[in-house]
Amino acid sequence: MNVRRSAAALAAIGVLAAAAPATAAGASPSPKASVPAGLFGTADPTYDGVWRQSLALLAQHTLGYKPGAAAVGWLVGQQCDKGGFAAFRADTAKPCEGKGGAQPDTNSTAAAVQALQALGGHGTEVRKALVWLSTLQNKDGGWGYTPGSPSDTNSTSVVVGAFASVGQDLGKLRLGKATPYDLLRARALECTADGGGALAYQPDKKGRLVANADATAAGVLGALGKGFVARPGTARDKAPACTAAGKATPVRLADNAAAYLADAVARTGHLQSALPGAKDQPDYGNTADTVVALAADGWNAQAKKPYGWLEKNAAAWARQSGPAAYAQLILAAHAVGADPRDFGGTDLVQALNKLGPAPQQAAKPATGSLEKSDKKSDKDSGSGVWWIAGIGVVVVAGLGLLLGGRRKKRQP
């Protein structure tokens with residue numbers, strides 16, 4: 001998910017940006033917004049405020065830091081009354097939606113959920129956001145970027161990460177008969193096709209699937225039921241290969257997609273990106289996502305080459321792009337067990353921390369092999385089985401989603 005692409009270009013090529021998820025096609029740019037206190041970075045937050053804040057907080061938490069209260073408070077304050085998050089709310093006193101209101105989207109909401117759930121103590125906000133997301137699931141099992149829009153692989157995968165963060169059984173998250181896995185399976189290219197194993201963002205105008213590295217990296221994590229923060233999977237001995245095995249299981253979907261990614265970075269160590277009318281250039285953001293996807297699926301050896309390329313080449317990109325880029329590189333380092341303080345001579349941790357409110361110092365130096373962070377209790381964090389029971393996301397054929405949690409008194 002490359003950082004800092006323009007919204008118009010994103011709509012044209014059908015992909016999502018790391019620091020600025022794709023806005024709906026045809027959306028007109030709004031005036032440049034001032035950067036409020038508590039927000040990471042200094043760039044206009046109109047299209048990526050919540051996204052970059054969520055990734056920055058996740059990266060800090062993953063490193064063992066307690067993010068600054070002002071940074072967390074800014075993110076919490078962005079939530080709309082119905083539970084969703086927009087890319088940015090310049091005026092939080094003004095209601096979301098409607099004429100002139102900030103428009104919540106699935107990507108910003110799912111990113112915020114992953115961050116707030118990881119931090120703990122935000123069960124109410126997490127529940128509201130997940131209820132809102134659950135009402136937007138399409139009949140094919142996936143999610144689009146905005147309410148009512150067709151499902152796409154990227155949005156579905158980031159929403160999967162949000163539900164997975166609270167322990168939701170994704171096989172039971174469905175409208176009618178379709179689960180998120182059904183949507184991802186429908187987007188996967190056959191092994192014999194050009195780009196076999198990859199996932200498409202959406203079918204093209206003729207209904208054909210075209211391999212998309214951005215969607216494929218997201219799809220690996222979605223199929224594995226993982227979010228942005230992924231630890232290395234069990235190391236594999238053999239090189240990944242696309243294998244047709246009837247109706248692909250989620251694990252097979254992930255393996256096939258990982259095989260495509262491993263092949264894509266095998267020669268140069270990075271992915272290529274081209275905006276309409278521009279020359280091909282290295283795609284730093286999607287290469288970082290590829291590192292995380294390969295490592296999460298256990299292809300550690302294949303993940304090391306693109307990570308090594310990033311160490312040599314991505315520091316300048318991160319300085320130009322800002323907090324979301326630094327967060328992506330930190331999460332890539334975490335996924336391969338590397339030290340983000342020694343990233344080709346750059347201290348990613350220090351660089352990120354300088355861009356926002358200062359966090360509380362980690363108890364020990366952050367490395368890629370940190371012990372698992374202590375988790376809040378289910379009561380405090382709003383996670384686990386009790387939350388699922390409280391929401392009551394039950395699907396009955398012909399009746400749609402029943403959101404029991406809206407009618408029941410919320411747990412404390």
Side-chain angles (χ1 to χ4, degrees), residues 1 3-8 10-11 16-58 70-117 122 124-137 143-152 154-159 161-163 228 322-324 327 356:
M1 293 177 283
V3 177
R4 307 300 301 169
R5 291 177 183 164
S6 70
L10 286 168
L16 298 177
T23 56
S28 58
S30 61
K32 185 174 182 179
S34 59
V35 178
L39 176 61
F40 273 79
T42 58
D44 179 1
T46 299
Y47 295 114
D48 77 328
V50 165
W51 184 268
R52 78 193 194 207
Q53 191 82 349
S54 299
L55 264 64
L57 297 181
L58 268 174
V72 178
W74 183 89
L75 181 59
V76 170
Q78 289 286 299
Q79 189 169 31
C80 299
D81 289 342
K82 293 182 181 179
F85 285 76
F88 175 63
R89 292 178 68 189
D91 182 0
T92 55
K94 187 174 182 179
C96 295
E97 304 178 280
K99 186 176 181 180
Q103 302 301 311
D105 65 82
T106 60
N107 288 230
S108 299
T109 302
V113 166
Q114 292 190 48
L116 294 176
Q117 176 65 16
H122 297 282
T124 298
E125 292 84 2
V126 168
R127 284 193 293 270
K128 284 182 64 177
L130 290 177
V131 169
W132 185 81
L133 285 170
S134 68
T135 65
L136 301 180
Q137 187 180 23
W143 282 264
Y145 179 74
T146 54
S149 62
S151 298
D152 67 77
N154 299 64
S155 296
T156 299
S157 296
V158 70
V159 172
F163 279 102
F228 296 133

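What's counted below: heavy atoms across the whole structure, side chains too, no hydrogens, waters or symmetry copies.
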Close side-chain approach of [X] and [Y], heavy atoms under 4.5 Å:
X    : Y    : result
N154 : W143 : no
L57  : L75  : yes
P104 : F85  : no
L55  : Q114 : no
P45  : F88  : yes
K128 : W132 : no

Closest approach of [X] to [Y] (non-hydrogen atoms, all atoms of both residues):
X    : Y    : value
A71  : F40  : CB-CE1, 3.8 Å
V35  : A43  : CG2-O, 3.4 Å
L133 : A162 : CD1-CB, 4.5 Å
A327 : A56  : CB-N, 4.0 Å
A129 : T109 : CB-CG2, 3.8 Å
R89  : A102 : CG-CB, 3.6 Å

For the side-chain contact (heavy atoms from CB on, under 4.5 Å) test, which of V113, L116, L130 pairs with E125?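 Running side-chain contact (heavy atoms from CB on, under 4.5 Å) over V113, L116, L130 with E125 returns exactly one hit, L116.
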
Apply side chain to side chain donor-acceptor pair (under 3.5 Å) to N107 and S155, showing your working. CA-CA 6 Å; N107 288 230; S155 296; 2.9 Å; yes

Main-chain N/O of [Y] paired with [X] side-chain donor or acceptor, under 3.5 Å:
X    : Y    : value
K94  : G100 : yes
Q53  : G38  : yes
S149 : T146 : yes
E97  : P95  : no
T106 : Y145 : yes

What distance separates S108 OG from Q79 CD, expressed to the nearest 0.5 Å?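 CD of Q79 is found 12.0 Å from OG of S108.
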
